[in-house]
Amino acid sequence: MKKAFEADTGRVLNIVINSLYSEKEIFLRELISNSSDALDKRRFLSLTSKHDKIGTDELKIEISTDKKNHTLTINDNGIGMDQEDLEQALGTIAKSGTTEFLAELEKTTKKDKKSKEVNLIGQFGVGFYSAFMVSEKVEVTSKKVGGTKANKWISDGVSGYEIGKADKSEPGTEIVLHIKKSEKEYLDKERIGFITRKYSDHLMYAVNYLDDGKDPEILNKASAIWTREKKDISSEQYEEFYKQIGAGFNKPLLTLHNKVEGTLSYTNLLFIPDSRPFDLFQMDVKSKIKLYSNRVLISDDSEDILPRWLRFVKGVVDTSDVDLNVSREMLQHNSALNKISKALKKRVLNELKKMKDKDTEKYNAFWKEFGIVMKEGIYEDFDLKNEILEISKFHSMKQNNDVFLAEYAEGMNPEQKEIFYIASENKEMAEGSPHLEVFKKKKLDVLFFTDPIDTFWLSMAGEFQGKKFTSITKGDIDLSAFSDEKKKKEKKDNIVIDGLVKKIKDILGENVQDVKTSSKLVDSPCCLVAPDSGMDVQMERIMKIQNKDFKGMPRILEINPDHDIIKKLNDIKDKEDDALKDAAYLLFDQAKMVEGELPLDISLFNKRLSKFMGLALK
Ligand code: ADP
Ligand code: MG
């Protein structure tokens, strides 16, 4: 009976078949890697259960060709598939991220479309379908370890697939590709050998080429790349492995390959990719590392090796200190693994520190992609907060560039004890904030914290190397220690507008906690500050997004006694009640808007503004 592919499967198939012209050869990599996965699974089973005993050296991948019938066959004695597996694994791609795959493709620009597609295919696990790039028909005959019956799956990759009974004595999977006339090259032994070495050299298993009447010939080196010596591995080989495990598209930004022996023995081959993986910000994504015990795969996506804030690190950890039989649930509590995890966290941080000191450009590229994730570690891994802060970069107002906290500290005024920051939605909004005016005037630097995550780690890490993080939108910051010429004059003015301050406070009532004369504003007539005891303005905004009922606290309106508007208002404060009332609200609304908020009442705001414009244009 013929069955149709799922809707999305059809779409992906189309992309796979029609848009990968120059990279058709990767179909072989995909099929070999599937066989290798199947062998991993069987090896694991054999080592952990009594029922299926098979020696590691008996596990094989075999390739053969038949030029007369135009077929290429890939055979493995891995775990195999039963009927349900065949339907599930080959009939639907929907299992893993098809929707994301398609969405990601739509975002891609024409120019780098092709290379992205090729890599996305590996990343999203639609690898098997690449067989249809070179085949007009594919037959998969498989028998599952422990099963009694074999099945055959047949498809032309267009109309759907059929499943029926088949004969197969040994467990495993045989895939027969009926090669298209135009793709004859894939029946050629030399070509197959070349592709196998190019992509599958480091596989743990031998890939044999079977030629009628001749001895099998092993095409690859068949040694797990991480078990080899660093000096014997070329950067191309590292790169190939990096791509094969779906770690990234181009070249890794950083490769960490280490063998550790001692109380703990393990090997790590970890990569930091050069750009963000598609799921970096998806809810609940965890770190996923391949965990091996003496080259036997224990878990394809162990979440217990690296913390969430290092989830962009990809690769392999192989250790003999973790028992093969350990269950997924127990891995979390495995003490050897916990120790390895601790050591690896430090290693990654150390390597990043080295990169920071040695290669600024590379580090900046790293920080741009992953800094935002690293900062999660400041509050998730409290012990490492200082280490992470040391390599964190923030935008400096004075330098108009991203700087390390140590660089900020170097540029501090000798009297300055604190690190001044403004938390804001983005750089532009921070730049427009009236709070900055006095800092500019006094030549004090302010850091812009523009990632939502910043407000969270700030609540955990109050200081860096003894210097308190101080929000400039909060409370009364005492800047009197930092001299500037106009100070005396400000003092004098303060006294003069006390009456106006009181009037505005009466008008605004509960909308503000207080109205004060500002000693900080330069060009703006007014601004809002959070009370000393309250939340930072940006924190409050985030709380409001998360909880619709969250009201927040009324803030303090500070007015600038030197500003023309304020001076004029001061002159009329005892006469025109209506104009003063409108002006007070307009000032308040202006202060709200510069913080990225809406006016108190939009229609009233419009009326008042129109009224004032009418007067000005008379
Ligand atoms: P992925 O390998 O990323 O899961 P593929 O499209 O390459 O995606 O393969 C789909 C699924 O088909 C595999 O996950 C596996 O369950 C099954 N499969 C493919 N080839 C084999 C094989 N040789 N032996 C056993 N299972 C296989
Ligand atoms: Mg695959």
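Just follow the structure's listing: the first ligand is 1, and inside any ligand the first atom is 1.
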Checklist line | Numbered atoms of ligand 1 (with element) below 4.0 Å of Leu90, judged on heavy atoms | finding: 12 (O)
Check: Is the shortest N/O to N/O distance between Asp37 and ligand 1 below 3.5 Å?
Finding: no
Item checked: Distance-minimising heavy-atom pair for Ser302 and Leu331 -> OG-CD1, 4.5 Å
Checklist line | N/O separation below 3.5 Å, Lys41 to ligand 1 | finding: no
Item checked: Glu136 versus His70, side-chain donor and acceptor atoms under 3.5 Å -> no
Check: Distance from Lys184 atom NZ to Arg191 atom CZ, nearest 0.5 Å?
Finding: 15.0 Å
Notebook entry, point to check: Hey, does Ile79 come in under 3.5 Å of ligand 1, counting only N/O atoms on both sides?
Noted result: no
Note to self: Is Met81 close enough to touch ligand 1? Criterion: a residue heavy atom under 4.0 Å from a ligand atom.
What the structure shows: yes
Check: ligand 1 and Asn34, any nitrogen or oxygen pair closer than 3.5 angstrom?
Finding: yes
Notebook entry, point to check: Which of the numbered atoms in ligand 1 are below 4.0 angstrom from a heavy atom of Ala89?
Noted result: 10 (C), 11 (C), 12 (O), 16 (O), 17 (C)
Next item on the list: Give a yes-or-no answer on whether the side chains of Trp367 and Asp402 include a donor-acceptor pair shorter than 3.5 Å.
Entry: no
Next item on the list: Check ligand 1 against Ala38 and write out every atom of the ligand that is under 4.0 Å from a heavy-atom position of the residue.
Entry: 24 (N), 25 (C)
Note to self: Under 2.8 Å from the Mg ion (ligand 2), is there any N, O or S atom belonging to Ser33?
What the structure shows: no
Next item on the list: Could you check Lys290 against Asp300 for salt bridge (charged side-chain N to carboxylate O under 4.0 Å, His left out), going step by step and ending with a plain yes or no?
Entry: CA-CA 5 Å; Lys290 288 177 191 290; Asp300 214 19; 2.8 Å; yes
Margin query: Quiz question: by atom type and distance under 3.5 Å, do the side chains of Thr65 and Tyr209 form a donor-acceptor pair?
Written below: yes
Notebook entry, point to check: Is Asp76 touching ligand 1 with its side chain, its backbone, both, or neither, if touching means heavy atoms under 4.0 Å apart?
Noted result: side chain
Item checked: Verdict with supporting geometry, Thr73 and Glu174, side chain to side chain contact (heavy atoms under 4.5 Å, CB included) -> CA-CA 7 Å; Thr73 302; Glu174 182 189 74; 3.6 Å; yes
